[in-house]
Amino acid sequence: GQQVMQIPQYQHVQEGEDFTTYCNSSTTLSNIQWYKQRPGGHPVFLIQLVKSGEMKKQKRLTFQFGEAKKNSSLHITATQTTDVGTYFCAGSGSSNTGKLIFGQGTTLQVKP
Amino acid sequence: NAGVTQTPKFRVLKTGQSMTLLCAQDMNHEYMYWYRQDPGMGLRLIHYSVGEGTTAKGEVPDGYNVSRLKKQNFLLGLESAAPSQTSVYFCASSPLSSYNEQFFGPGTRLTVL
């Protein structure tokens with residue numbers, strides 16, 4: 001079945017350093033979504049990418065969708081302690097059920 | 001609006017006991033989902049529903065049953081709990097649209113002894 005792999009599993013950075021997490025799907029995706037989960041919290045939607053090669057920015061966060069629509073990345077510039085949490089990518093196939101396949105997540109720790 | 005709510009927040013069961021987790025949403029969303037989250041495994045879809053009265057299996061449905069008798073509620077049942085079902089369970093809902101953003105509840109932490 002469809003699989004979504006995410007790397008790295010953990011990342012420790014010094015505050016102010018950049019951070020990137022990568023997501024790869026075994027199949028072509030119709031769209032990809034990114035979620036953030038703070039420690040002890042629930043996943044919260046960040047963004048959705050739909051078009052091949054699409055890039056979107058949210059302040060210090062940059063999201064990219066690959067040309068083949070099988071991979072994606074999230075880059076955070078100049079991390080802050082408020083960025084701490086686990087970032088998940090989630091891919092959707094071509095069905096209309098809204099089903100998402102989540103990656104394993106990347107847990108980001110930021111040292112002040 | 002309360003969004004997505006889940007009850008209970010915590011529960012401890014003994015092996016073989018049964019229980020039902022309740023998810024409710026007040027956003028009039030068509031789609032609802034049940035996930036389990038285990039360390040290093042991300043979120044895995046258990047069952048989902050695309051509308052009132054309909055349910056379907058996700059990635060890891062064994063040992064669980066669901067019902068969606070009302071549009072706003074999605075129930076997850078464990079008939080005979082096993083230690084392997086110790087996990088954090090999240091419910092989510094999304095509107096009937098191409099955007100498909102999922103809104104998650106606060107989660108239920110279940111321990112099976």
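This structure is a prediction, so every number in the text was calculated from the model and none was measured. Labels below follow one simple rule: chain letters A, B, ... track the order of the sequence lines, proteins then strands, and each chain is numbered from 1.
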Query - Tyr10(A), part contacting chain B, at a heavy-atom distance under 4.5 Å - result: neither

Query raised in the report: Which region of Glu30(B), side chain (C-beta onward) or backbone (N, CA, C, O), has a non-hydrogen atom less than 4.5 Å from a non-hydrogen atom of chain A, or is it both or neither?
Result: neither

Requested in this report: Would you please indicate yes or no on a ring centroid separation below 6.0 angstrom for Tyr35(B) and Phe90(B)?
Outcome: no

Query raised in the report: Tell me, side chain or backbone of Leu43(B) under 4.5 Å from chain A's heavy atoms, or both, or neither?
Result: both

Query raised in the report: Which of these passes side chain to side chain donor-acceptor pair (under 3.5 Å) with Arg60(A): Thr77(A), Thr79(A), Asp83(A)?
Result: Asp83(A)

Query raised in the report: Got more than 12 heavy atoms from elsewhere within 6.0 Å of CD, Gln58(A)?
Result: yes

Report summary line: So, the part of Gln6(A) with a heavy atom under 4.5 Å from chain B: the answer is neither

Query raised in the report: Got a second to check how far Thr86(B)'s OG1 is from Asp38(B)'s CG, nearest 0.5 Å?
Result: 9.0 Å

